[in-house]
Every structure is written in structure tokens, then in C-alpha cells.
4 protein chains.
Amino acid sequence: MNNKAEKRREQILRAAFQAVSEKGFHSVTLQDIADYADVSKGVTSYYFQNKEDVFRHLLEWVTEKIYKNEHAAISKEHTAPDKLRAYVHAAFANPSDNRKFYRVYLEFLAQANHNEQFRDTNDRFYENCWSIGREIIQLGQKEGTFANVDIDKASYTIRALIDGSLIQWLMQNNDQLHTFYRDNCLETLSNYLTNKNNQNSN
Amino acid sequence: MNNKAEKRREQILRAAFQAVSEKGFHSVTLQDIADYADVSKGVTSYYFQNKEDVFRHLLEWVTEKIYKNEHAAISKEHTAPDKLRAYVHAAFANPSDNRKFYRVYLEFLAQANHNEQFRDTNDRFYENCWSIGREIIQLGQKEGTFANVDIDKASYTIRALIDGSLIQWLMQNNDQLHTFYRDNCLETLSNYLTNKNNQNSN
Amino acid sequence: MNNKAEKRREQILRAAFQAVSEKGFHSVTLQDIADYADVSKGVTSYYFQNKEDVFRHLLEWVTEKIYKNEHAAISKEHTAPDKLRAYVHAAFANPSDNRKFYRVYLEFLAQANHNEQFRDTNDRFYENCWSIGREIIQLGQKEGTFANVDIDKASYTIRALIDGSLIQWLMQNNDQLHTFYRDNCLETLSNYLTNKNNQNSN
Amino acid sequence: MNNKAEKRREQILRAAFQAVSEKGFHSVTLQDIADYADVSKGVTSYYFQNKEDVFRHLLEWVTEKIYKNEHAAISKEHTAPDKLRAYVHAAFANPSDNRKFYRVYLEFLAQANHNEQFRDTNDRFYENCWSIGREIIQLGQKEGTFANVDIDKASYTIRALIDGSLIQWLMQNNDQLHTFYRDNCLETLSNYLTNKNNQNSN
DNA sequence: GATGAATGAGCGTTCATTCAT
DNA sequence: AATGAATGAACGCTCATTCAT
């Protein structure tokens with residue numbers, strides 16, 4: 001039955017996610033994934049064309065999950081500043097999840113330079129992230145709470161700072177800094193977007 | 001002579017840098033490095049303990065080079081805004097160099113999660129980057145051109161935005177966007193640091 | 001099934017035995033073992049941790065086989081002189097088997113000096129050999145056919161002469177001498193143990 | 001000058017002997033030998049055709065040394081029993097020397113099965129050893145102190161027991177047993193050769 | 001004579017992939 | 001649908017050998 005197969009595939013993707021997060025993209029063997037998924041070695045090859053196919057689906061699966069979560073978070077709020085806060089707080093979910101995701105995500109970003117499919121998937125993820133940014137900024141400009149920044153530029157900037165901050169945080173290997181980076185990120189973005197006199201001069 | 005050996009080692013590191021940039025960290029074989037360096041297979045093993053030792057030295061070599069270049073760039077300027085511009089322009093040197101460096105750097109960041117030595121080296125690189133930021137901000141605050149932001153926070157933020165922007169740029173695979181990202185990064189940081197009313201509220 | 005795996009392991013050990021006997025311990029490659037076993041190169045690594053693990057098991061397997069064979073031989077006899085004859089004849093089975101075994105055994109003895117596990121296995125083999133000697137001598141002394149030699153000493157001596165003789169025979173590379181060495185060994189041991197006046201003077 | 005070259009060659013053989021004794025025949029690299037000899041890597045290749053050539057000369061050199069020493073020892077004595085004692089005591093020189101020699105010798109014996117030149121050299125060594133035995137026995141029979149054993153047989157037996165005993169001793173890795181094995185060897189040979197009633201019945 | 005940098009053949013080991021069951 | 005035994009390609013590493021200096 002299709003549903004069962006889908007469950008198996010997700011079971012394997014979860015295992016692969018865990019495995020890559022703990023052991024690293026290139027150390028992970030199909031045997032590792034099988035072990036984490038508590039299935040036999042052949043199963044992964046049965047449900048995916050090959051190892052790369054697993055990773056391709058893993059990247060899609062994990063970025064989709066991240067996007068949906070972030071999108072859901074801003075949907076619950078109604079003002080632009082609240083949405084911004086919700087976005088940043090969703091992106092900085094918690095040390096454990098962030099570590100797991102960014103460890104894996106960094107490996108994929110690195111691979112994306114040599115793998116078009118990864119790059120395509122990341123492009124879609126970026127588009128999704130930017131669309132969240134745009135949505136927030138447009139609302140803010142309608143509300144008058146956000147400055148008249150270029151919407152595209154700003155949405156790029158938002159994601160760049162989020163990713164840049166979380167990568168820097170990850171490298172510190174210090175969970176205590178998580179709140180600091182989150183709050184600093186939010187504060188910087190708030191200042192950046194807030195309507196003072198800092199109109200974009202372009 | 002020691003000097004000759006040192007040259008050989010650098011020759012190999014250059015080759016490894018090129019190889020990793022083009023083929024990716026884990027695809028690179030010792031044979032690849034030898035080919036890029038135009039030497040025989042055994043040479044790399046002769047000058048480095050093993051493959052990991054090559055990469056360890058490569059990361060040190062390349063981050064040191066980046067830091068020195070950026071530090072030299074700000075040293076030529078005398079006002080904080082000029083230094084900031086020089087820093088960002090040095091970091092966004094040109095598409096070709098940025099692509100090469102960030103491709104390799106991303107791979108190391110990904111590996112750093114599973115390799116303490118890489119993490120240590122990156123920690124030193126971060127410290128160096130932050131020190132550049134601090135130097136600029138301190139000067140700006142003395143001059144009165146920069147706002148009274150928390151210096152540490154701001155120096156983290158500067159690097160986070162630079163790295164975040166360049167990684168995002170890299171993923172677009174579109175050299176045309178390089179200037180855009182550079183200018184946007186500089187503008188955002190300028191706004192962030194410039195003394196308007198956006199005093200740090202902490 | 002476990003039994004099938006056990007068969008494979010023994011198949012590989014037989015192949016390794018043959019390979020070491022013909023090519024020598026250090027010339028033997030995993031490919032050689034695979035060729036002798038008529039399996040692919042990966043199989044040996046599949047059933048054993050590594051090459052050394054193969055040899056470790058090979059030494060255990062082959063010394064155990066030799067001991068069991070010799071022990072079975074003396075068990076069939078009922079008087080000490082008959083047992084002694086049976087022991088020596090079992091040890092000097094035939095040129096072909098002796099050549100194969102001592103070629104391999106010599107390599108292991110040589111390696112044992114640098115490999116504790118080999119030494120341990122050989123220690124167990126020695127204990128087993130000596131126990132055969134002790135059993136024969138004790139019976140002989142009970143029967144009154146064997147002199148009052150020190151049992152431990154004599155059991156060491158018996159094995160030393162058997163090994164010393166077979167090594168010397170092996171080095172001659174002349175099968176014709178096999179019977180001569182066997183008979184001389186038995187005769188010398190008989191004289192040594194037989195109850196004349198040569199009581200141990202210690 | 002020829003003499004200087006000869007010295008260099010012996011220096012290398014000594015180093016090789018030490019290296020093989022400590023590290024084992026197959027672990028020893030030309031670099032090891034160079035290190036032990038305190039010369040540079042190229043020297044060994046300069047004075048010997050190749051690695052095997054070193055070992056070939058090493059075996060000759062070391063067996064010759066052993067033979068000469070044993071022959072000198074018996075030459076100092078005048079009665080057969082004294083010569084026998086001298087022979088055994090020379091063969092069982094001391095734990096340290098015996099360990100060094102037999103470690104190396106065992107490796108050569110093992111290799112001899114796959115290397116005709118080693119076998120030839122060992123044949124000469126055996127001939128020399130047997131000639132010592134024959135000399136002693138002939139004298140003993142002339143004196144009437146030794147029984148009428150077959151001289152060839154007995155000389156083989158003597159060396160077989162000496163080698164068998166020392167190999168067994170070596171494997172125990174216990175210097176304390178050295179005297180025991182030596183005395184037991186001598187006693188057994190004495191009993192074997194001494195003129196009681198144990199005339200050889202062949 | 002002596003050095004040691006450079007070469008490249010060869011081997012152990014890993015592991016994705018296949019396929020008989 | 002699932003297993004895991006078997007295969008063999010590929011790579012890191014070692015080291016004997018060569019040779020320019």
C-alpha cells in the first residue's frame with residue numbers, strides 16, 4: 001500500500017537526518033541509516049534509487065519542514081513586528097533542533113556547490129524563506145511600522161542574518177549563546193526595519 | 001633546504017584549495033591534489049602526515065590569508081565608515097575569489113561539527129574577524145559616527161551578516177548579484193551602526 | 001544461518017592456510033586468499049575484522065587441529081611405548097602435511113615475537129603438546145617401562161625434539177628424509193625415556 | 001677504499017640485525033635500517049643491491065658468526081664430554097643474545113621456504129653445525145665415552161634438540177627458563193650419547 | 001660517497017550496490 | 001516486502017627504489 005511505503009520512506013529519512021547530524025554527511029553509510037531506522041541494510045536501497053537519492057529527498061523533506069514551521073509561526077501573528085518576532089523565534093527554535101538542522105543544512109549547502117539538485121532544492125527553500133520576509137515587510141509597510149526599505153533586499157537580508165547568526169552560533173558549540181544570538185538577530189532586524197529616519201537612500 | 005620544503009607545502013595547499021573548491025571536500029583524492037599540484041601521488045604524503053593533516057593546514061592557511069587581507073584593508077583607512085566600507089569590500093573581494101573561498105569554507109564549517117581541530121581553527125578565525133569589527137566600531141564610537149551599540153554584539157552581527165550574505169550569494173550561482181549583496185550588506189551595516197536614534201535599547 | 005557463516009569462515013581459513021603455505025605469510029594478500037577460496041576480494045573482510053584477524057584465527061584453527069589429531073592418535077593406544085610411537089607418528093604424519101603445517105607454523109612462530117595474540121595461541125598449543133607428553137610419560141612410569149625422568153622436563157624435551165627435527169627436515173626440502181627423521185626422533189625419545197640405568201641424576 | 005666500504009656494509013648489517021630483531025623481518029623498512037645505522041636513507045641502497053640483498057648478507061653474516069663462535073668454543077676443550085658441554089653452552093650463550101639471534105633466525109627459516117638463497121645459506125649453516133656434532137661424537141667414540149650411535153643421525157639430533165629447545169624457550173618469553181632449557185638440553189644429549197647399554201639397535 | 005626528495009606500484013579496507021532467497 | 005551475503009571499484013597510505021645534487 002502506498003501509505004505504508006510513504007511511512008517507510010519517512011522513517012528512513014528521519015534516520016538519515018539523525019545519522020547525518022551525528023556522524024556527518026560523508027561518514028554516514030547506508031548501514032548507518034539502516035541501523036538508525038532499525039531496518040535491514042537492503043531496505044534503503046529498496047525505497048530509494050541510491051544513496052544520493054536519499055539525501056536529495058532528505059534535503060527536500062527537512063527544508064520543507066523548516067519552512068512550514070516558520071510559515072505557520074508567522075501566520076499566528078497579526079502585526080508585522082509580531083510576525084517578525086515569531087519568524088525569528090521559529091528560526092531560532094531551540095539549541096537542540098537548531099544544532100541538528102544546521103549541522104545537516106551546512107553539509108547540504110557545501111554539497112550544493114557540486115550538486116545541481118541540491119542547489120535547486122535550496123533555491124526553493126530560499127524562495128520560501130524570502131516570501132516569509134516579504135510578507136512581513138509588506139505588512140509592516142502597510143501598517144507604517146516598517147521603513148520604506150526595498151522589500152526584496154530586506155527579505156534577503158533577513159534570511160542572511162538569520163542563517164549567518166545561526167551558523168556562527170553553531171560553531172561556538174555553546175548552547176548558552178543561543179538566546180543571545182536570537183535576541184541580537186531580532187533586535188538588529190527590528191532596528192533595520194523599523195521606521196525611524198533610516199529610509200533607504202537608494 | 002627548509003624554504004624549499006615550505007614552498008612545496010604551500011604548493012600542495014594551493015592545489016588542495018583549488019581541488020576542494022572545484023570537486024568538493026570529500027570527492028578530492030590525494031591523486032587529485034597531486035594532479036593539481038603537478039606532482040606525483042606520493043608527494044602529498046611526503047609533506048603531510050595524512051590527508052586530514054593537509055586539510056587542517058589548508059583551513060589554517062586559507063583563513064589566515066582571508067584575515068590578513070581584511071585586516072590590511074581596514075588598516076589603510078582612517079575613519080570608521082571608511083574602514084567599514086573597506087572591510088566589506090575586502091570580504092566581498094570579487095566573485096571568483098569569493099566563490100572559491102566560500103565553497104571551501106562551507107565544507108570546513110560543515111566538517112567542523114565533527115572535527116575539533118577544524119572548530120579550533122575556525123574559532124581563531126572568528127576571533128580575528130570579530131577583532132576587526134571591534135576595532136572599527138570602537139573608532140566609530142570615538143569619532144561619534146557610530147551609535148552606542150554593544151561592541152561585542154555588533155562585531156558578531158557584522159560577521160554574521162557578511163558570512164550569511166556571501167553564503168546566500170554563493171548559492172544563487174549568479175555573479176551579477178555579487179555587487180548587490182556587497183552593497184546591501186554594507187548599507188545594512190552602515191544603517192545599523194550609524195548614529196541616529198537607534199541607540200541600543202539594552 | 002550461523003552454520004553457513006561458519007562454513008565460509010572455515011573455507012577462508014583453509015584458503016589462507018594454503019596461501020600462506022605456498023606464498024608465505026607476508027606475501028599473501030587478501031586477494032590471494034580470495035582467489036584460493038574462490039570468492040571475491042570483499043568476502044574475507046566480510047567474515048573477518050581484518051587481515052590480522054584472519055591470521056589469528058588461522059593459527060588457532062591449525063594448532064587446534066594438530067593437537068586434536070595427535071591427542072586422538074595416542075588415545076587409541078594403551079601402553080606408553082605405543083602411545084609414544086603414535087605421538088611421533090602423528091606429529092610426523094606425512095611429508096606433504098608436515099611441509100604445509102611447518103611452513104605456516106614457522107611463520108607464526110616468527111611473528112609471535114612481535115604479536116602477543118600469536119604468542120598466547122602458541123602458549124596454549126604448547127600446553128596441549130606438553131600435556132600429551134606428560135600423559136605418555138606418567139603412564140610409562142606407572143607401567144615401569146619409562147625411566148624416572150622429570151615429567152615436565154621430559155615433556156618439554158619431547159616437543160622440542162619433534163619441532164626441532166621437523167624444522168630441520170623441512171629445511172632440507174627432501175621428502176625422502178622424512179622417515180629417517182621420524183624414526184630417529186622416535187628412537188632417540190625411546191632411548192631417552194626407556195628404563196635402563198639412565199635414571200635422571202637431578 | 002675497500003676496507004671502508006666493508007665497514008659500512010657491516011655497520012648496515014648490524015643495524016639490520018638489530019632492526020629485524022626488534023621490529024620483525026617484514027616491518028623493517030630501509031628507513032629503519034638507516035636509522036639504526038645512523039646513516040641516511042640512501043646509504044643502504046648504495047651498498048646493497050636492494051633490500052633482499054641486505055637480508056641475504058645478513059643471514060650469511062649472522063649464521064657465520066654463530067658457527068664460528070660455537071666452533072671456537074669446542075676447540076678450547078679436549079674431551080668429548082667437555083666439547084659437548086662447550087657446544088651447548090655456546091649455543092645457549094645468554095638470554096639476550098639468544099633472543100636476538102633466534103628471533104631473526106626464525107624469520108629467516110620461515111622465509112627460507114620461499115627463498116632459495118636463504119635456504120642455501122641455511123644449508124651451509126646446518127652443515128657447519130653438523131660438522132661440530134660429528135667432530136664431538138667421533139672423538140667421544142674414539143675415547144670410548146660416547147656410545148656407538150650413528151654419527152650422522154646423532155649430529156642431526158643434537159642440532160635439532162638445540163634449535164627445538166631454544167625456539168621453545170624463546171616462545172616462553174621468560175629468561176629465567178634459559179638455564180633450565182640449556183641444562184636439560186645438555187643432560188638429554190649426554191644421556192643420549194653416553195656409553196651405557198643404549199647401543200643403537202639399527 | 002652520500003643525501004633525501006620524488007615516484008608510483010601495491011595492498012588493506014570501506015562500502016554502495018546488486019540479487020538470490 | 002525484506003534480507004543480508006557477495007561483489008568489486010576506489011582510495012589512503014606505505015615504502016622500495018631511483019636519481020639529481
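Just the heavy atoms: all of them, side chains too, but no hydrogens, waters or symmetry mates, feed the values below. Lettering of chains follows the sequences in order, A, B, ..., and the numbering in each one begins at 1.
- The nearest whole Å value for the distance from the NZ atom in C/K4 to the C1' atom in F/dT3 is 12 Å.
- Within residues 24-44 of chain A, the residues that have a heavy atom under 4.0 Å from DNA chain F are, in order of number, A/S40, A/K41, A/G42, A/V43.
- With contacts defined as side-chain heavy-atom distances shorter than 4.5 Å, the pair B/L59/B/Q111 does not qualify.
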**Message:** Taking Watson-Crick (N1-N3 plus N6-O4 or O6-N4) and G-U wobble (N1-O2, O6-N3), each under 3.5 Å, can you produce the dot-bracket string of DNA chain E? Use [ ] for crossing pairs and | for inter-strand ones.
**Reply:** .||||||||||||||||||||
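- Between the NZ atom of A/K51 and the P atom of F/dA9 there is a distance of 19 Å, given to the nearest Å.
- When heavy atoms are screened at a 4.0 angstrom cut-off, A/F48 is found touching no nucleic acid atom at all.
- Listed by chain and residue number, A/F25, A/F118 satisfy the ring-ring contact (aromatic ring centres under 6.0 Å, His included) test with A/F108 (two or more places apart in sequence, or in another chain).
- In this structure, B/Q18 and B/K100 have side chains that are in contact, with non-hydrogen atoms separated by less than 4.5 Å.
- Within the 4.5 Å cutoff, side-chain heavy atoms of B/L106 are placed close to those of B/M171.
- To the nearest angstrom, P of F/dT14 lies 17 Å from OH of B/Y47.
- A straight line from OH of B/Y46 to C1' of E/dG8 spans 15 Å, rounded to a whole angstrom.
- Proximity of residues 103-116 of chain A to DNA chain F (heavy atom under 4.0 angstrom from any strand atom) is not detected for any residue.
- Taking 4.5 Å as the limit, some side-chain heavy atom of B/D53 sits within range of a side-chain heavy atom of B/R56.
- Residues forming a side chain to side chain contact (heavy atoms under 4.5 Å, CB included) with B/S27 (at least two apart in sequence, or on another chain): B/K23.
- Judged by distance alone, the side chain of C/D120 and the main-chain N or O of C/Q117 form no donor-acceptor pair under 3.5 Å.
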**Item:** side-chain contact (heavy atoms from CB on, under 4.5 Å) evaluation trace for B/L170 with B/R103
**Value:** CA-CA 8 Å; B/L170 180 67; B/R103 278 186 174 187; 4.1 Å; yes
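- The distance from atom CG of B/N50 to atom P of E/dT13 is 17 Å, rounded to the nearest whole Å.
- In this structure, the NZ atom of B/K7 is 18 Å from the C1' atom of E/dA6, given to the nearest Å.
- Applying the ring-ring contact (aromatic ring centres under 6.0 Å, His included) test to pairs two or more places apart or on separate chains, those with a residue in residues 28-49 of chain B are B/F48-B/H57.
- Note: CZ (B/R9) to P (E/dA5) measures 12 Å, nearest angstrom.
- In this model, a donor atom of one side chain and an acceptor atom of the other lie less than 3.5 Å apart for D/R8 and D/Q11.
- Taking 4.5 Å as the limit, every side-chain heavy atom of D/V62 sits out of range of all side-chain heavy atoms of D/Y105.
- Distance, D/Q49 CD to F/dT18 P: 11 Å, rounded to whole Å.
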